[in-house]
J.: 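Structure in structure tokens, see below.
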Amino acid sequence: MRTPFIAGNWKMYKTIAASREFAIKFRELHRRNDVKVAVFAPYPQIPVLVEMFKDTSIGVGAQNVHFEKEGAFTGEISASMLKEIGAQYCIIGHSERRQYFGETDKSVNLKLKALLAENILPVVCVGENLDEREGGIEEKIVEMQIRAVFEGISMNDAIKVTVAYEPVWAIGTGRTASPEQADKMCGYIRKILRDIYNKDIAEQITIQYGGSVKPDNAAEIMSMPEIDGALVGGASLDPLKFIEIVNF
Ligand code: PGA
């Protein structure tokens with residue numbers, strides 16, 4: 001049985017002071033132990049949040065990592081550096097990184113390996129854009145992404161990965177995929193994972209939906225059989241909204 005996993009992607013929002021305020025409020029409100037919860041913050045906020053959530057079950061993660069261990073890569077941060085500041089999770093392959101920072105399936109695959117080598121739990125984002133959805137090739141696109149990203153990942157490691165299906169046209173647009181559309185793609189992703197690994201492995205992998213998840217649509221999304229969680233952007237910035245989603 002997969003544990004539901006609600007993740008908040010803060011993107012490039014919140015100062016350290018604002019992160020502290022969030023943490024104080026959210027800790028107070030958070031009661032639910034049957035759901036995994038984590039916030040994915042900008043790098044400088046990570047150690048602060050790790051400290052503030054240390055006696056709770058609330059996880060803390062980063063939003064990107066470099067795949068090399070170290071080197072002359074100005075501006076980059078390695079998986080071991082994330083480990084050192086206490087990050088338990090890391091998002092990779094988010095569509096904003098693919099769109100604005102040249103992230104490719106190949107680099108996501110290398111990043112996945114780098115995170116697994118440091119025992120950081122990866123959240124791998126995949127998803128089609130609007131043209132691809134309208135062209136009816138969304139399954140083909142997502143299948144290519146999944147196959148490329150999981151290339152060379154062992155069964156033991158695959159079960160540590162969370163996949164986030166985020167249709168690009170639903171991110172930050174207020175336009176959510178219908179629960180049926182989201183469920184269908186999450187089911188398709190599980191089918192590909194079954195094909196790459198086997199049924200047992202595929203059944204253990206957590207698959208989230210992301211894209212305009214809000215307090216008023218979280219319950220319906222979470223009720224879908226193939227959807228195990230949500231990757232929440234905008235609505236994760238407000239502790240009152242985020243707790244409502246966690247309490248779906
Ligand atoms: P959104 O973002 O919830 O604001 O649509 C989701 C994401 O980018 O992960």
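Just follow the structure's listing: the first ligand is 1, and inside any ligand the first atom is 1.
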J.: Relative to the heavy atoms of E166, which atoms of ligand 1 are at a distance of less than 4.0 Å?
T.: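 Close to E166: 6 (C), 7 (C), 8 (O), 9 (O).
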
J.: For ligand 1, which atoms have a heavy atom of H94 less than 4.0 angstrom away?
T.: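 Numbered from 1, ligand 1 contributes 7 (C), 8 (O), 9 (O).
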
J.: Is it the side chain (CB and beyond), the backbone, both or neither of C125 that lies under 4.0 Å from ligand 1, heavy atoms counted?
T.: neither

J.: Does an N or O anywhere in T173 fall below 3.5 Å from an N or O of ligand 1?
T.: no

J.: Could you list which atoms of ligand 1 come closer than 4.0 Å to a heavy atom of A170?
T.: 5 (O)

J.: Considering only heavy atoms, does N9 approach ligand 1 within less than 4.0 Å through its side chain, its backbone, both, or neither?
T.: side chain

J.: May I ask you to decide if the ring planes of W10 and F22 are parallel, tilted or perpendicular, using 30° and 60° as cut-offs?
T.: perpendicular

J.: So is A164 close enough to ligand 1, meaning a heavy atom under 4.0 angstrom away?
T.: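 No; A164 lies far enough from ligand 1 that no heavy-atom distance drops under 4.0 Å.
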
J.: Less than 3.5 Å between some nitrogen or oxygen of G172 and one of ligand 1, yes or no?
T.: yes

J.: With no hydrogens and no angle check, is any side-chain donor or acceptor of N217 less than 3.5 Å from a backbone partner on S212?
T.: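 Pair found, side chain donor or acceptor close to backbone of S212.
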
J.: Looking only at distances, can you tell me whether any N or O atom of K214, backbone or side chain, sits closer than 3.5 Å to an N or O atom of ligand 1?
T.: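 For ligand 1, there is no N or O atom that lies under 3.5 Å from one belonging to K214.
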
J.: Are G211 and ligand 1 in contact, using a heavy-atom cut-off of under 4.0 Å?
T.: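 The answer is yes, since G211 has a heavy atom less than 4.0 Å from ligand 1.
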
J.: Taking everything shown except Y43 itself, do over 12 heavy atoms lie less than 6.0 Å from its OH?
T.: yes

J.: Just checking, is any N or O donor in the side chain of Y188 or E143 under 3.5 Å from an acceptor N or O on the other one?
T.: yes

J.: Taking everything shown except E84 itself, do over 12 heavy atoms lie less than 6.0 Å from its CD?
T.: no

J.: Which residue is it: K140, R133, R98? I am looking for the one with a salt bridge (charged side-chain N to carboxylate O under 4.0 Å, His left out) to E128.
T.: R133

J.: Ring centres of Y89 and F5 under 6.0 Å apart?
T.: yes

J.: Just do the side chain to side chain donor-acceptor pair (under 3.5 Å) check on Q99 and S95 with the steps written out, would you?
T.: CA-CA 6 Å; Q99 189 176 345; S95 62; 5.5 Å; no

J.: With only distance considered, is G234 within less than 3.5 Å of ligand 1 through an N or O on each side?
T.: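 N/O-N/O distance under 3.5 Å: yes.
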
J.: To which protein heavy atom is atom 3 (O) of ligand 1 closest, and what is the distance rounded to 0.1 Å?
T.: G233 N, 2.8 Å

J.: Counting each atom of ligand 1 from 1 as listed, which ones have a heavy atom of S212 under 4.0 Å away?
T.: 1 (P), 3 (O), 5 (O)

J.: Which residue is it: I92, T162, I91? I am looking for the one with a side-chain contact (heavy atoms from CB on, under 4.5 Å) to C125.
T.: I91

